[in-house]
Amino acid sequence: MDPTWRKSYVNGVSPVLKFDEITFPEALDRTARRFPDHAALIFEGTSIPYAELQEKVAQFSSALVDRGLTPGTRVGIIIPNLVQTVVGIYAVLRAGGVVVMHSPRADDMLLEHQFKQAGIEMVICLDVLIPRILNLAKRTSLRTIISCHIRDYLPFLKKQLFPFFKKELHLSTPTGDRVVEFSDLLGGGVTGAVRKNDLNDTAFILFTSATTGKSKAVELSHSALTTNVQQVHAWFPSWLDGRETVVACLPFFHIFGLTCALNISMFYGYSAVLVPNPEPRAIVEAIHNHKATFIPVLPSIFNAMLSLPGLKKYDLKSLKGCFSGGAPMAKQTIKSFEDITGAQICEGYGLTESGPVTHINPFGGKAKPGSIGLPLPNTDAKLVDVKNSDREVTNPGEPGELCIKGPQVMTRYSNLPEETARTLRDGWLFTGDIAAVDEEGYFKIVDRKQDIIALESATIYPRDIDEVLFQHPCVHEACAVGVAGIDGRQMVKAYVSLKDGSSTAPHEIVEFCRTRLPQHMTPRSVIIMDELPKSMVGKILRKELRRLHVINSSKRLQQ
């Protein structure tokens, strides 16, 4: 018997897909043949068609092989969403290497940890990072550094003015055997075709967000990521190959942006509008100027766009649909954005370890705000008891740890066999997220396992409190956490930021919650901040808020 959720699929979406067994470099070659003159990348007025992109990738790949890249070589990429990022990623894959994505904002300690964990031998990075990377090379296995410049793909006038206004962002590449210019590796001949990878070979290594400790290196195969792209594509059956335009504002070092903006574009011939810095005005302008049809972003970005002064002067009606993930969205945010654009927001779910997408609300079908929707085709899901993982939770509405099985799941954590064994069990990925499923098969994330607030009298899921806080007319962002009170017992504390021009007091927010929540769930205190701490891709960090509470409590005790 089919799982319950399949009955909620929209017409045209098959629960079981037959996948193209193809790697991303092969897919790019196919796309270049199908749509040679169609814009693959759009960056600050520069448009690069697929035929030109494929040529650059082939040239750069040959140059990397000449410099010693062999199958399995780990190559770090530390660049925002630029043309060089795309060329570098696909050139490394074409040569048979493994792409390791890093945030350009990562500090030296984190980069050194990631270099060592992944075994980085080559790095492609921005010029401003070269001195830091040279220093890290002394303590790691890094042997080759390739420098690139933001200005290289700007239109002529912008390229001429850029050094005067952005001097700190354009440096000369140091001379030496270890460092080479990105542009010097283009323009040469192509010495070979795509190196045929086994689909089970590792294609990418991406790092977890380190919400529970040090970031872990997630190994994802060619098969896992190409199938996930095809699963997402099948969920939006009205999308047309070679006709869509995606705003690529989520960073490619994050699996959401990599899969749902870049790789899906290269696979199906979409145009990717590159936005290196995901500021709301830049995103809105990209939609307006390029008649974008699809945008995958986090809820915080939707909020930021809605708060943008002068939003009404931009035409956002070209959007067909939007994909939101990473955190639940407030119902009012969904309604407001859909009213402005006419496009459906599909909330979904995923994590680095699953390529990332496992669930999405049906596009063109029944969406349930606050839920993550239904498992994708070829994806199985179950809930298990938090304290006894051998017991499967089957009652509608009963929470349990979400487990995923599907072709998009990771191979392993690099060099962490015990952590891999805890996370992957009998083919199931144990996500660490607590979820519930309703009678129609729609899943809802209740909370992270480690974020549960355990009171003596009850177990509290912070997101239930967040939803109430978001209902307050002055609250822009909200996050509830469990902290130790003066008596040492757990209590609920809330952190919020306010909408522009709004004013309220902490006690008023507490009172607002008291009329809508049981006493044990009502925050004992509320802290109003200018902005809540977030990860590099915009997720609110509960861990950091708990840390701030500990620091401030220690200061009060010392006074």
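Here the structure is a predicted model, which means the values were calculated and not measured. Positions are given from 1 along the sequence.
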State, without any angle test, whether [X] and [Y] hold a side-chain donor-acceptor pair at a distance under 3.5 Å.
{"X": "Tyr314", "Y": "Arg281", "answer": "yes"}
{"X": "Ser271", "Y": "Glu244", "answer": "no"}
{"X": "Thr227", "Y": "Gln231", "answer": "no"}
{"X": "Thr333", "Y": "Asn303", "answer": "yes"}
{"X": "Glu511", "Y": "His507", "answer": "no"}
{"X": "His149", "Y": "Asp127", "answer": "yes"}
{"X": "Tyr442", "Y": "Asn361", "answer": "no"}

Quick one: does any side-chain atom of [X] pair with a main-chain N or O of [Y] as donor and acceptor, under 3.5 Å?
{"X": "Thr46", "Y": "Tyr153", "result": "yes"}
{"X": "Glu347", "Y": "Met329", "result": "yes"}
{"X": "His38", "Y": "Gly242", "result": "yes"}
{"X": "Ser354", "Y": "Gly350", "result": "no"}

Listed once per pair and sorted, the salt bridge (charged side-chain N to carboxylate O under 4.0 Å, His left out) pairs that draw on residues 353-368, sequence neighbours left out: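 Non-adjacent pairs meeting salt bridge (charged side-chain N to carboxylate O under 4.0 Å, His left out): Lys366-Glu440, Lys368-Asp438, Lys368-Glu440.
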
Could you walk me through whether Leu274 and Glu44 pass side-chain contact (heavy atoms from CB on, under 4.5 Å), step by step? CA-CA 8 Å; Leu274 301 178; Glu44 292 290 335; over 6 Å; no

Hey, would you say the [X] and [Y] ring centroids sit under 6.0 Å apart?
{"X": "His102", "Y": "Phe115", "result": "yes"}
{"X": "Phe35", "Y": "Tyr50", "result": "no"}
{"X": "Phe302", "Y": "Phe337", "result": "yes"}

For a side-chain contact (heavy atoms from CB on, under 4.5 Å) with Val247, tell me which candidate from Thr293, Val275, Val284, Leu319 qualifies.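 Output: one option passes, namely Val275.
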
Between Tyr268 and His233, how do the two ring planes meet: parallel, tilted or perpendicular, split at 30° and 60°?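 Rings of Tyr268 and His233: parallel, under 30°.
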
Angle between ring planes, Phe256 versus Phe323, binned at 30° and 60°: parallel, tilted or perpendicular?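 Taking Phe323 first and then Phe256, their aromatic rings stand perpendicular (interplane angle over 60°).
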
Less than 6.0 angstrom from the centroid, inside 45 degrees of the normal: does Arg514 satisfy that with respect to the ring of Phe512?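 No, Arg514 does not lie over the aromatic ring of Phe512.
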
For atom NZ of Lys331, is the number of surrounding heavy atoms from other residues, nucleotides or ligands below 6.0 Å larger than 12?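 Count not over threshold, so no.
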
If you apply the rule side chain to side chain donor-acceptor pair (under 3.5 Å), what do you find for Gln408 with Thr379, and how did you get there? CA-CA 8 Å; Gln408 68 269 51; Thr379 302; 3.1 Å; yes

